[in-house]
Each structure stands twice: as structure tokens, then as C-alpha cells.
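Keep in mind that this is a model prediction, so the values were computed, not measured. Whatever order the structure lists them in is the order used to number ligands and atoms, beginning at 1.
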Amino acid sequence: MTTHTRRPPVTVIGLGPMGQAMARALMAGGHPVTVWNRTPSRADGLVADGATRADSPAAAVAASDLAILSLTDYQAMDDILGPVGPGLAGHTIVNLSSDTPERTRRAAAWAAGLGARFLTGGVMVPEPMVGTEAAYVYYSGPRSLVDQHAATLGLIGAPRYVGEDPGLAQLWYQAQLDVFLTALSGLLHATALAGSAGVTAAEFLPEALQTLADIPAMLAGEDTARNLDAGIHPGDLSTATMMGATADHIVGASEAAGIDVELPRAIRSNYGGAIADGHGRDSWTSLIEVIKAPAVPVGR
Ligand SMILES: NC(=O)c1ccc[n+]([C@@H]2O[C@H](COP(=O)([O-])OP(=O)(O)OC[C@H]3O[C@@H](n4cnc5c(N)ncnc54)[C@H](OP(=O)(O)O)[C@@H]3O)[C@@H](O)[C@H]2O)c1
């Protein structure tokens, strides 16, 4: 028998795919859930399944000590919670929306000025994985708040606390999305390049995925993380010059194929900058030195 009667009420504001999945995970964990969304119809399914619909953002905040926000950006939070103002005092706001770290720092200061407790977060899995074992969420702000609400927040995904500075959760989130989006564009660019010669995506993508799958072993084998932290870039296995030549060939192949060349040009620019800075005999990891302090773009 499952008894969840002592779980505290939680409010979820913002019912896009993510907010709906969060509300469902919280309800499945036994929390009474109050919901509010700008477009009311998006709450209909949740209300049919037992959630309570608040008539206004102020009523939604008042319904629970803890309010979780899942919105397009932090401007949406301003639009929704700005008019609530003093009604936020004493409440805990957990904003799991995306924005720049600086924007989230300003929001934390604003909430503190109104007497609210505030956590920033970034959900690191797509909507279907919310509430599963694989889900995790970066949090920043007061550690005591994450600890206090760990059981509730854990229903969405495992909390990974990254620091007191409220900007850190979105910094980690954006850095991860940097990897994700760049990899996705790289896959599509490569597929288009192969496609320019009639190779189908069905033929090419499995090969490209094999290349992606080989990267973790390559990074571990070269002690990449340790060397990056130490600023050491030994070029004994491959050099920036060799890989920069390949980057140049990709630009040439893309130009000849008549496809977009912005992405390979950006990568060639990284290699050109490293070589111009004297890293030609170093490893490809030396590119981080020019990425950290970008020089005038090279090779454009
Ligand atoms: N979807 C994913 O797989 C995923 C994965 C990881 C992280 N995230 C992040 O999670 C957040 C929510 O994602 P989502 O996919 O659920 O997004 P979404 O479908 O775009 O939903 C956004 C929500 O924000 C509301 N909203 C936007 N602007 C508003 C405004 N000015 N005033 C009031 N409400 C406003 C929308 O209300 P309406 O319904 O009225 O338009 C909706 O409830 C985003 O920050 C996203 O980056 C999403």
C-alpha cells in the first residue's frame, strides 16, 4: 500500500511539456499539486488527473510554500510573478527555466529583495525522461534549500548542486547545451556533406554515430581533463597542425559541395588561431587557449 498523505503541497507554474511532466512526477510522488499557466487549457489534463487549478499567479504562489517554475525564459517569470510582488515573501521559488547566468543572478537578487527564497536550476534531460532514474537537474543558490527540498525535487530528477552563486546552474546547463547543440549541428552538417554525393542519411548516420561513440575513449586515454586543467597540450599523438589541415579540407569539401560553410569555418578559425599562437606542434586541446581568449578570427 502506498501512503503519500504527508507530502507537502507544491505549485507548478508554466505548463509546457516540461512543466506538465514535472507536475505529473510530483503528483505521482504523492504531492498535492496546484498549477497555473498563461494559457489555461494547458492545465486541463492535469486538473482531470487531480491537480488544482489556481485562478491567478498570486493564488498559485499562495497555495504552497514551494513553487516550481518551468517557463521559456526569465522574462516570463517577471511577467507572471512581478505583479505578485510582496506575495512572494516567505515562499521558495525554484526556477527551472533557461536563461543566461547573469539574468538568473538578477532574478535571485530580485526575489531576495521581496523576502522570497530562490533556487535556479537546469533540467538536463528531455521531457519524456523527467521523473526517471536517468533524470538529473543542476541547482545553484543556497545549499540548505536544495537539501530541505531534496525529496520533492528528486521526483523530477536527481539534484546536482553546483554552488552558491545563483548563476552557476544555468552556466553548467548552457555549457552542456553548448556540447549538445554543437554536436547536433556537426552531425547534420556532415550528413549534408555526405548527402551532396548522394549518400543517404540512413547510410551515413550510423557511421557518424560510431565516430561520436569513439570520442569518450579517446578523451580518457589522453588524460584530456587533467591536461586541460594544467594547461598542458602534448602533441605526441596528433597535432593542431595536422588537425587544422583537416579542418581546412572540410571547409574546401563543403565549399565544393555547395553547402553551408559557417560551421567548418568556425572550427578552422579555432585551429588557425592556435597555430598562429605557436601551438602547431601541440595537441588539438591547445585550441582552448584561443577559445578562452579569442584572437582576431583566422582563415576567413
Ligand atoms: N522540452 C524539453 O525537453 C526541455 C529539456 C530541458 C530543459 N527545458 C527547459 O524547460 C523550460 C520549459 O520548456 P518547455 O519545453 O516546457 O517550453 P514551452 O513549451 O515553450 O513552455 C513554456 C511555458 O512558458 C510559458 N510562457 C512563456 N512566455 C510567457 C510569458 N511571457 N508569460 C507567461 N507565460 C509564458 C508558456 O505559457 P503558454 O502555454 O501560455 O504559452 C509555457 O507554459 C525551458 O526553459 C526549456 O529550455 C526543456
**Request:** For Arg105, enumerate each residue passing the salt bridge (charged side-chain N to carboxylate O under 4.0 Å, His left out) test, keeping only those at least two apart in sequence or located in another chain.
**Result:** Glu102, Asp165
**Message:** Under the rule for salt bridge (charged side-chain N to carboxylate O under 4.0 Å, His left out), what residues qualify as partners of Asp260, not counting sequence neighbours?
**Reply:** none
**Asked** Do Val10 and Leu119 share a hydrophobic cluster, counting only Ile, Leu, Val, Met, Phe, Trp and Tyr and linking them when any side-chain heavy atoms are less than 4.5 Å apart?
**Response** yes
**From Ile93, Val12, Ile80, Thr120, residue fulfilling side-chain contact (heavy atoms from CB on, under 4.5 Å) relative to Leu69** = Ile93
**Request:** Before accepting this row, confirm whether a basic side-chain N of the pair Asp78/Arg106 lies closer than 4.0 Å to the acidic partner's carboxylate O.
**Result:** no
**Asked** Between atom NE2 of His189 and atom OG of Ser254, what is the distance when rounded to the nearest 0.5 Å?
**Response** 4.0 Å
Which atoms from ligand 1 have a heavy atom of [X] less than 4.0 Å away?
X      : answer
Arg42  : 19 (O), 38 (P), 39 (O), 41 (O), 42 (C)
Glu127 : 3 (O)
Ser70  : 11 (C), 12 (C), 23 (C)
Pro126 : 3 (O)
Val123 : 6 (C), 7 (C)
Ser98  : 45 (O), 47 (O)
Val125 : 5 (C), 6 (C)

For ligand 1, indicate whether the residue [X] contacts it via side chain, backbone, both or neither (heavy-atom separation under 4.0 Å).
X     : result
Met18 : both
Leu15 : backbone
Thr72 : both

What is the closest protein heavy atom to [atom], and at what distance does it sit?
atom                    : answer
atom 7 (C) of ligand 1  : Tyr173 OH, 3.2 Å
atom 44 (C) of ligand 1 : Leu71 O, 3.2 Å
atom 14 (P) of ligand 1 : Pro17 CD, 3.8 Å

**Message:** Checking Ser286 against Glu289 for the side-chain hydrogen bond (donor to acceptor under 3.5 Å, both in side chains) test, could you report, in this order, the C-alpha distance in whole Å, the side-chain angles of both residues, the deciding distance, and whether it holds?
**Reply:** CA-CA 6 Å; Ser286 62; Glu289 307 302 341; over 6 Å; no
**Request:** Consider ligand 1: state whether an atom of it lies below 4.0 angstrom from any non-hydrogen atom of Asp73.
**Result:** no
